[in-house]
Amino acid sequence: MKKSPILLSILAATQAQAAPKPVYSSHRLTSETVGHSVDISADLSGAKKLFLVVTDGGDGFACDWANWVNPVITGDFGTRKLTEMKPVSMSSDWGNVHMNKNAGGSPMIVNGQPVAEGIGTHAHSVIEFDLPPGTKGFSAKGALDKGGVAQGNGATVQFLVFTEKPAAPKRTGGHGGGGGLAPEDALEALNVAEGLKAETFAAEPMLLSPSSIDIDHLGRVWVAEIVNYRGHDGKRPSGDRILVLEDSDKDGKADKSSVFFESPELKSPHGVTVLGNRVIVAAAGKIWNLTDDNGDLKADKAEVMFSGIDGAQHDHSIHAVHFGPDGKLYFNFGNEGHQLKDKDGKPITDAAGNVVSNARKPYQEGMIFRCNPDGSDLETVAWNFRNNWEATVDSFGAIWQSDNDDDGNKGVRINFVMEFGNYGYRDEATGAGWSKGNAKTDEEVQAAHWHLKDPGVVPNLLHTGAGSPTGILIYEGSLLPAKFHGQMIHSDAGPNIVRAYPVTHSGAGYKATIENIVGQKRDPWFRPSDVCVAPDGSLFIADWYDPGVGGHAMGDLDHGRIYRVTPTDHKGYSVPAFDFSSPEGAASALGNPNEEVRFLAWQAIQKAGDSSVPALLKLTAGSDTRLKARALWALGKLPNRGADAVKAALSDKDEDIRCLGIRLARQLKHDLPAIATALVKDSSAAVRREALISLRFEKPEKLAPLWAQFATQHDGTDRWYLEALGISAALQWDACLDAYLALVPNPETTKQGRDILWRSRAAKSAEWIAKAVKNDSTPEAEKDLLMRAFDFQPTAAKEKALESLLQ
């Protein structure tokens with residue numbers, strides 16, 4: 001779109017000057033903005049000029065019709081309407097600037113309501129006024145006009161008010177996006193939480209479109225750089241790359257870049273993980289091991305660990321691998337991954353005896369996996385997600401991740417992952433997709449979207465609205481403020497934000513709140529794709545920087561940034577030195593917030609064997625529960641030390657440590673029924689939850705009597721606990737329900753009992769569900785849920801039970 005001569009002259013004249021700051025800047029308005037408008041107020045004390053600026057919000061799209069509604073100035077003279085004053089100059093990239101009409105010369109309409117007074121324009125535009133002496137302030141309502149909104153093709157603007165001639169945002173060319181802000185302007189356009197600051201660590205041309213990052217023990221940033229992706233596949237014939245960025249002078253800015261690996265076979269990498277001289281890359285339907293044998297930052301070997309994953313050019317496919325506190329690897333793929341095969345392309349049968357595929361026997365859609373570092377002993381941890389971009393594991397062994405809704409349904413979710421859980425994206429019984437039905441509110445849509453009212457679906461921890469969630473981590477450092485310690489930090493490219501989700505225990509599950517860390521105030525190209533913690537505890541954010549969210553609509557190939565977030569008074573980038581050669585040094589390094597540091601510490605501890613025990617025991621006696629947890633994992637995996645570690649964990653006063661003890665006992669294949677027997681009356685519902693899950697694969701004679709005791713403790717309100725009961729009984733429902741009925745002979749008469757029946761899948765469940773429906777004490781709302789439970793029962797039993805309701 002050609003710019004007007006007036007606007008071009010203003011922009012050119014100001015390029016050589018320091019850019020003035022706006023006295024007011026709005027957030028980006030879109031057709032989703034409530035009321036399609038924002039209230040504007042600016043202090044003009046002492047100003048002689050007023051410049052009203054409308055930008056396109058940085059997305060480069062058209063249809064950006066905007067109105068300054070009821071614009072007035074106030075001062076010693078009282079109040080004056082700008083619609084009655086003559087501008088010194090005015091320009092608009094499309095249409096014209098009109099008083100009391102929109103940019104097209106028609107009546108102004110905002111959110112369906114006519115507007116009598118205002119200034120109609122279109123981004124980009126600049127309207128200049130001379131101010132009378134004594135001017136004090138300016139107020140108006142900035143609004144989207146129907147002329148743009150009705151076209152459904154953009155309508156995104158930002159309103160700014162200046163008292164000095166504004167400089168244009170410096171823009172660079174892009175592929176289809178119309179250009180974005182230069183790095184220094186993009187940094188200025190970020191909102192950062194109080195007490196923190198963001199600094200640019202690296203930007204183009206040093207890197208392009210970072211989809212994933214990791215940081216090694218030396219503080220170097222490893223980048224999965226995407227160019228050959230989706231519609232741009234083949235644009236760089238030499239292939240996509242894994243980069244290493246270094247800050248050699250420790251000033252917090254990268255000054256050296258190395259290409260670790262580049263190959264035509266490396267397409268659309270969505271995950272990079274550094275573990276010593278091994279770099280694990282998730283790309284092109286495979287998980288690769290890239291090995292640097294001589295430390296020259298060049299991959300000497302490229303070997304496939306897993307293959308056969310569908311969606312090689314899809315963001316709903318394979319994602320990053322992470323190292324857990326238990327010495328295992330964790331990773332996931334979204335609903336386009338479909339199956340997992342070994343390096344030779346052969347289907348994998350997991351530790352539960354199931355072929356890893358989306359054939360609904362029993363797995364479907366997105367899945368999470370855990371395995372040994374060499375890929376052996378693979379477990380399918382949970383399933384039925386849509387686009388679970390990345391999983392993270394805390395020091396206690398609890399797994400957390402985000403999941404993307406069907407776009408536009410405001411149902412992005414954060415999950416605490418109960419192992420072997422079904423997470424409800426598709427109907428468990430039929431595999432069918434979801435339908436809004438009569439759902440009207442966001443809450444109703446979310447419940448329908450994730451099948452939350454179906455028995456057998458693990459509840460969601462938190463809904464975050466619309467978005468395109470990406471990288472996630474558990475911040476277990478101390479550099480950032482205390483409210484972030486031990487909490488999830490998550491990047492969401494859709495709403496252009498990095499958030500934390502502080503959690504607290506709630507029954508057998510959790511509840512969470514939201515704390516924003518970094519967002520954008522006037523640059524919608526900010527697309528945080530990953531977050532990572534450096535050895536000094538600083539937070540790094542990868543910014544794909546794009547007019548879209550990558551994925552289907554990657555609109556730019558020329559940008560990419562990495563930001564570093566630290567406290568406002570923090571200086572430089574200094575990485576601590578580590579001593580992995582001694583047990584004491586390795587144990588100390590186990591307390592670092594950086595994943596690769598902890599990996600190297602783990603490796604050193606396991607190699608040192610018994611000589612590591614004194615240093616680990618010292619950590620287990622400390623007051624830091626997360627450090628105690630890491631030490632217990634490391635101790636428990638040493639030869640002949642597992643029993644002592646499990647005993648110590650199970651007797652700890654902290655419920656998270658007791659949960660760890662159960663998880664460790666499972667991995668060590670200890671006598672789980674004996675452990676569960678000791679915990680059947682534990683005061684923590686979370687501990688009982690983990691005990692239940694640990695019994696899933698036990699024989700019925702050992703499982704059922706214990707399960708029934710756990711089931712009698714269901715309080716009728718805790719869905720997390722109810723689903724843990726379901727996960728535990730899944731392979732032995734007949735025996736479990738019989739044992740429960742022996743303890744509770746009339747479960748249909750109480751809410752607690754009806755919950756158990758609703759969740760059950762035994763041969764006799766249908767007849768008991770019918771009894772619950774017919775029971776006089778059952779509320780009507782419960783009856784609707786109970787009727788849905790019939791859909792998960794065998795056909796013959798269901799039909800017989802339904803017939804009994806007619807009698």
Side-chain angles (χ1 to χ4, degrees), residues 31-32 34 152 316 334-336 358 360 362-366 382-388 402-415 418 421-469 494-495 509 552 716-720 722-723 726 751 754-761 765-766 769-770 772-774 778-795 797-799 801-803 805-806:
S31 57
E32 297 295 319
V34 175
H316 292 214
N335 64 327
E336 291 295 327
N358 68 337
R360 304 185 52 249
Y363 312 133
Q364 63 177 327
E365 305 303 316
W383 52 90
N384 210 0
F385 303 96
R386 180 174 181 259
N387 185 19
N388 42 329
S402 65
D403 193 15
N404 195 358
D405 65 348
D406 278 327
D407 300 329
N409 290 292
K410 301 180 182 179
V412 170
R413 60 178 175 174
I414 306 300
N415 293 124
M418 283 170 56
N422 159 45
Y423 278 78
Y425 173 50
R426 295 278 182 170
D427 186 300
E428 181 188 2
T430 67
W434 70 286
S435 171
K436 286 184 182 179
N438 296 321
K440 294 181 176 62
T441 67
D442 288 348
E443 184 178 15
E444 290 171 336
V445 170
Q446 291 157 3
H449 191 294
W450 302 117
H451 292 92
L452 295 178
K453 293 185 178 181
D454 286 357
V457 175
V458 178
N460 297 329
L461 170 65
L462 184 68
H463 290 109
T464 60
S468 297
H552 300 274
T717 64
D718 191 340
R719 180 69 180 272
W720 303 89
L722 183 61
E723 289 305 327
K751 175 63 165 62
R754 290 191 294 269
D755 278 359
I756 301 293
L757 298 176
W758 174 78
R759 181 61 183 86
S760 68
R761 306 285 174 84
S765 291
I769 294 170
V773 173
K774 291 189 290 186
T778 303
E780 289 300 318
E782 274 190 55
K783 290 180 181 180
D784 290 341
L785 294 173
L786 287 163
M787 293 300 293
R788 171 61 171 155
F790 282 121
D791 293 335
F792 300 89
Q793 307 303 324
T795 301
K798 174 177 68 174
E799 290 177 352
L802 289 173
E803 288 175 5
L805 295 179
L806 301 176

### Message
As an exercise, state the distance from CH2 of Trp758 to CE of Met787, rounded to the nearest 0.5 Å.
### Response
15.0 Å

### Task
Would you please test Asp427 and Trp434 for side-chain hydrogen bond (donor to acceptor under 3.5 Å, both in side chains) and show each step?
CA-CA 7 Å; Asp427 186 300; Trp434 70 286; over 6 Å; no

### Summary
Between Pro459 and Leu452 the two heavy atoms that sit nearest each other are CA-CD2, 4.3 Å

### Query
What's the spacing between Arg754 CZ and Ile769 CD1 if we round to 0.5 Å?
13.0 Å

### Task
Show your reasoning for whether side-chain contact (heavy atoms from CB on, under 4.5 Å) applies to Asn422 and Asn384.
CA-CA 6 Å; Asn422 159 45; Asn384 210 0; 2.7 Å; yes

### Message
Quick check against the 3.5 Å criterion: does Glu444 have a side-chain atom that pairs as donor or acceptor with the backbone of Thr441?
### Response
yes

### Message
Working to the nearest 0.5 angstrom, can you tell me the gap between Glu803 CD and Lys798 NZ?
### Response
12.0 Å

### Message
Is the distance from the ring center of Phe385 to that of Tyr423 below 6.0 Å?
### Response
yes

### Task
Dump the intermediate steps for side-chain contact (heavy atoms from CB on, under 4.5 Å) on Glu32 and Lys410, then the final yes or no.
CA-CA 11 Å; Glu32 297 295 319; Lys410 301 180 182 179; 4.2 Å; yes

### Query
With the threshold set at 4.0 Å, does a side-chain nitrogen-carboxylate oxygen contact exist between Asp755 and Lys751?
yes

### Query
Is the closest basic N to carboxylate O distance between Glu336 and Arg386 below 4.0 Å?
no

### Query
Can any side-chain N or O of Asp405 pair as donor or acceptor with the backbone N or O of Gly411 at less than 3.5 Å?
yes

### Task
Give the C-alpha distance, both sets of side-chain angles, the deciding distance and a yes or no for side-chain contact (heavy atoms from CB on, under 4.5 Å) between Asn409 and Asp407.
CA-CA 6 Å; Asn409 290 292; Asp407 300 329; over 6 Å; no

### Summary
Residues Asn388 and Gly334: closest non-hydrogen pair is OD1-CA, 3.4 Å

### Asp454 CG to Arg759 CZ distance, which is reported to the nearest 0.5 Å
10.5 Å

### Distance under 6.0 Å and angle within 45° of ring axis: Arg413 vs Trp450
yes

### Query
Minimum heavy-atom separation for Ser765 to Gln793, with atom names?
CB-OE1, 3.4 Å

### Query
Does the Ser402 side chain pair with the main chain of Ile414, one donor and one acceptor, at a distance under 3.5 Å?
no

### Query
How many angstroms lie between atom CG of Asn358 and atom CZ of Arg426, to the nearest 0.5 angstrom?
10.0 Å

### Query
If every non-hydrogen atom of Met418 is compared with every non-hydrogen atom of Trp720, which pair is closest and at what distance?
CE-O, 3.4 Å

### Summary
Nearest heavy-atom contact between Asp403 and Asn387 is OD1-N, 2.7 Å

#### Entry: Side-chain touch Asn460/Asn415, heavy atoms, less than 4.5 angstrom
yes

### Query
With no hydrogens and no angle check, is any side-chain donor or acceptor of His451 less than 3.5 Å from a backbone partner on Val457?
no

### Message
Quick one, Arg761 and Pro455 - any side-chain contact, counting heavy atoms below 4.5 Å?
### Response
yes

#### Entry: Considering all heavy atoms, the nearest Ala772-Leu786 contact
CB-CD1, 3.8 Å

## Note on the structure
Value for CD (Glu780) from NZ (Lys783), rounded to nearest 0.5 Å, stands at 4.0 Å

### Task
Before giving the answer on side-chain contact (heavy atoms from CB on, under 4.5 Å), spell out for Lys453 and Leu785 the whole-Å C-alpha distance, their side-chain angles and the decisive distance to 0.1 Å.
CA-CA 7 Å; Lys453 293 185 178 181; Leu785 294 173; 4.0 Å; yes

